Amino acid sequence: MHIRQEESERHVLSVTVDNEAGILARIAGMFSARGYNIESLTVADVSADHAVSRITVVTNGPPRVIDQIIAQLDRLVPVHKVVDLGEVGPYVERELALVKVAGTGEARIEALRLADVFRAKVVDTTLESFVFEITGPTSKVDTFVGLMRDLGLVEVGRTGVVGMLRGAAG
Amino acid sequence: MAEKSGADILVQCLIDLGVDTVFGYPGGAVLPIYDMIYDHPSINHILVRHEQAAAHAAEGYARSTGKPGVVLVTSGPGATNAITGITDALMDSIPMVVITGQVATHLIGTDAFQEADTVGLTRHCTKHNYLVKQPGDLARVVHEAFHIATSGRPGPVVIDIPKDVQVATAPYVKPVLNAHPSYRPQVEPDADAIERTADLIMKSERPILYTGGGIINSGPAASQSLRALAEMMGAPVTSTLMGLGAFPASSPQWLGMLGMHGTYEANWAMNKADLLLCLGARFDDRVTGRLDAFAPDSKKVHLDIDRSSINKIIPVDVPIVADCGRGIEALIAALKARGYKRPDYSEWWARIEGWRARRSLDYVETGSEIMPQRAIEELFKATRGRDVIITTEVGQHQMWAAQHFHFDEPNKWLTSGGLGTMGYGFPAAIGAQLGNPDALVIDIAGDASIQMNIQELGTAIQYRLPVKIFILNNEYMGMVRQWQELTYESRYSHSYSDSLPDFVKLAEAYGATGIRIETPDQLIPGIREMIDSPGPVVVDCRVAKLSNCFPMIPSGAAHTDMLLDPSQVSGTLNDEAKALV
Ligand SMILES: Cc1ncc(C[n+]2csc(CCOP(=O)(O)OP(=O)(O)O)c2C)c(N)n1
């Protein structure tokens with residue numbers, strides 16, 4: 001007997017929660033307890049009185065699992081709202097990465113040239129290294145990091161995705 | 001304003017919330033609370049003998065009274081011992097509030113004596129949990145906890161209270177709960193979904209009502225509404241294990257329980273129905289059998305207060321998120337508004353009667369041994385005319401009880417369905433007896449399960465609770481042995497109950513009555529004696545050792561592939577089926 005895997009799709013969920021102790025463990029733990037995937041998860045408090053946090057979770061799974069994930073998140077007591085950004089409308093997603101590249105000569109020049117193409121900023125430099133700051137959708141960051149691998153990539157730090165619906169509505 | 005200690009605030013909240021019974025066990029981290037309880041005789045504290053039993057007793061109390069069960073245990077081992085009962089309550093949607101002591105706030109995280117991360121450990125086996133760090137927060141948290149435990153889909157809520165928070169003081173004002181910012185269960189059904197359901201009912205030729213524990217959780221009024229709807233439609237009714245009693249078993253419309261050990265007629269009717277009204281049930285794997293063969297030709301409506309139960313296992317045509325009682329009432333109103341008249345389902349009923357004629361619950365008697373099914377039937381007969389509450393442990397005896405003891409009212413059948421916890425039945429019976437002092441409360445038990453919380457005989461004696469334990473003693477973990485017989489060629493690996501105690505002497509050691517029933521002619525008088533004996537009674541009823549529980553849908557099989565008797569059993573299963581459990 002072998003274990004079968006189902007086709008999955010990527011979804012970006014925006015979850016508004018009470019900013020209380022243990023909330024992250026509650027959310028992340030629900031994913032692991034029920035065997036759901038987390039590609040990335042970001043959290044920060046977003047209200048003036050620090051009472052409410054916004055969590056963006058990127059997850060993947062078959063449609064019926066995504067539906068379950070939303071329902072399971074929604075029934076947690078401190079969860080106010082769950083929005084499946086891709087389902088509700090067009091949305092923007094951004095991720096920030098710091099990318100350290102070391103090298104000299106041609107490779108160094110090429111790295112800087114590509115950084116320019118990707119509109120990455122140089123936030124630190126020495127004679128043999130750069131730290132680039134790049135923002136964009138995950139795919140853009142992936143591509144940039146992929147290119148840097150051949151040009152002396154040392155390390156990468158990524159924030160994970162934040163997302164928001166386009167247009168005036170909140 | 002005069003300040004009160006955290007412990008005082010807690011006890012005051014419990015009184016304000018109408019709590020009269022608390023199941024608990026003391027320890028260092030709850031001493032301030034116990035000291036406060038000493039001064040409040042209006043709170044009836046029941047000292048159990050193990051914290052798991054406190055939680056199950058609270059479940060039994062809750063399930064039989066409709067009120068939340070309340071548990072009080074100490075930190076560390078007190079809390080971890082309670083976890084099985086808390087998880088059981090989560091799986092079966094039982095309203096329960098568990099108060100756990102915790103080490104003082106400055107010691108949290110230092111591996112202090114009897115420290116356990118109770119909030120972390122119970123995060124996924126509670127509906128919600130709290131760590132209270134200020135006595136000033138206690139009142140709000142306690143009131144909110146009771147609200148969350150009892151509303152929406154009920155469940156257990158843990159409140160972890162560090163010892164210094166129990167001692168420190170704060171002003172106390174009885175809190176007024178405003179609408180919760182994020183927790184707002186949907187109680188009223190969507191009108192459009194109700195209309196679409198009414199459309200489906202009007203078109204259906206072969207409907208079936210598939211009901212579950214949600215109806216019982218909704219309260220007695222929901223059971224009445226279910227009866228009204230069934231009466232209006234003239235449709236057959238089946239139920240899950242958890243829903244037994246919501247619809248009267250004495251009704252001709254009753255098909256018996258469905259699922260793995262359900263009746264032939266219930267499972268075939270599910271399979272052949274063209275409309276399935278799932279009311280407060282959740283398509284558990286014990287109910288559905290093989291998913292792609294589950295009720296294949298039916299439209300499906302699912303009424304549930306928990307949206308995450310809908311479309312989780314089986315995709316449905318009409319989801320209705322609402323309280324079961326309110327949903328059924330709305331449906332009745334919608335049908336009435338359309339001038340609905342009971343349709344002619346005689347063809348459908350003729351087929352059902354054909355299935356019923358297979359008499360799937362019948363069993364063969366040898367004469368020399370007591371058949372366990374017979375024992376339950378006699379127990380049923382002997383208790384007519386009494387207010388009976390039945391609890392069970394987990395195993396064959398549980399299924400035989402579900403099949404052969406018939407319930408006409410809700411809240412009379414208490415069993416561990418979702419978690420299937422051996423050791424549930426006896427403490428649950430203690431809780432039920434406390435909530436229903438005049439009822440005849442019987443735990444139908446197995447010889448293995450009863451040993452998991454047998455220490456509670458001490459509790460039953462101390463509080464003079466006349467609960468009866470009726471052990472169907474087959475000297476096996478019968479359900480395990482049955483699966484081994486059916487799927488592992490009778491290789492009985494560690495399923496024999498060796499070194500059983502003498503249950504009669506054990507009862508007597510605690511000061512209870514012990515009765516042994518060994519032969520068929522002793523069965524009826526033995527049961528009589530059990531009922532007539534005051535105080536707790538343990539009956540060691542020796543039954544046929546190798547009986548199997550039929551009918552049975554083997555794991556991974558369709559409803560229509562039921563095994564009705566042992567002759568249909570091959571003794572092996574393929575790996576796919578073995579893996580399904
Ligand atoms: C706490 C716990 N451990 C293990 C099991 C697995 N299990 C299910 S039924 C069963 C045997 C129960 O035996 P007994 O109580 O004698 O009842 P019988 O099946 O013989 O009626 C076991 C071990 C369980 N359900 N619960």
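In what follows, every heavy atom counts, from backbone to side chain, and hydrogens, waters and symmetry copies are set aside. All values reported here derive from a predicted model rather than from experimental measurement.
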Engineer: Stepwise, does the side chain to side chain contact (heavy atoms under 4.5 Å, CB included) test hold for B:H180 with A:V77?
Structural biologist: CA-CA 9 Å; B:H180 195 278; A:V77 170; 3.9 Å; yes
Engineer: Report which part of A:V79 has an atom under 4.5 Å of a heavy atom belonging to chain B: side chain, backbone, both, or neither.
Structural biologist: backbone
Engineer: Output all residues satisfying side chain to side chain contact (heavy atoms under 4.5 Å, CB included) with B:T126, sequence neighbours left out; order by chain, then residue number.
Structural biologist: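 By the side chain to side chain contact (heavy atoms under 4.5 Å, CB included) rule, B:T126 matches B:I86, B:T122, B:N129, B:V158.
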Engineer: Side chain from CB out, backbone as N, CA, C, O: work out which of these in A:I70 comes under 4.5 Å of a heavy atom of chain B, or both, or neither.
Structural biologist: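 Contact with chain B: backbone and side chain both.
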Engineer: So with a 6.0 Å cut-off around NZ of B:K312, is the heavy-atom count from everything else above 12?
Structural biologist: yes
Engineer: What's the separation between atom CG in A:L76 and atom NZ in B:K127, rounded to the nearest 0.5 Å?
Structural biologist: 11.5 Å
Engineer: What option among B:I148, B:V119, B:L131, B:D306 has the most heavy-atom pairs under 4.5 Å with chain A?
Structural biologist: B:D306
Engineer: Sort by residue number and list every member of residues 8-34 of chain A having a non-hydrogen atom under 4.5 Å from chain B.
Structural biologist: A:D18, A:E20, A:G22, A:A25, A:R26, A:G29, A:M30, A:A33
Engineer: Step through the shown structure and confirm whether more than 12 heavy atoms of other residues, nucleotides or ligands are within 6.0 Å of CG on B:D111.
Structural biologist: no
Engineer: I'd like to check B:N311 versus A:R64 (side-chain heavy atoms, cut-off strictly below 4.5 Å). Are they in contact?
Structural biologist: no
Engineer: Just wondering, more than 12 heavy atoms not from B:K133 lying within 6.0 Å of its NZ?
Structural biologist: no
Engineer: With the side chain counted from C-beta on, respond yes when B:S308 and A:Q68 share a heavy-atom pair under 4.5 Å apart, and no when they do not.
Structural biologist: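 A side-chain contact under 4.5 Å exists here.
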Engineer: Any non-hydrogen side-chain atom of B:R153 less than 4.5 Å from a side-chain atom of A:R75?
Structural biologist: yes
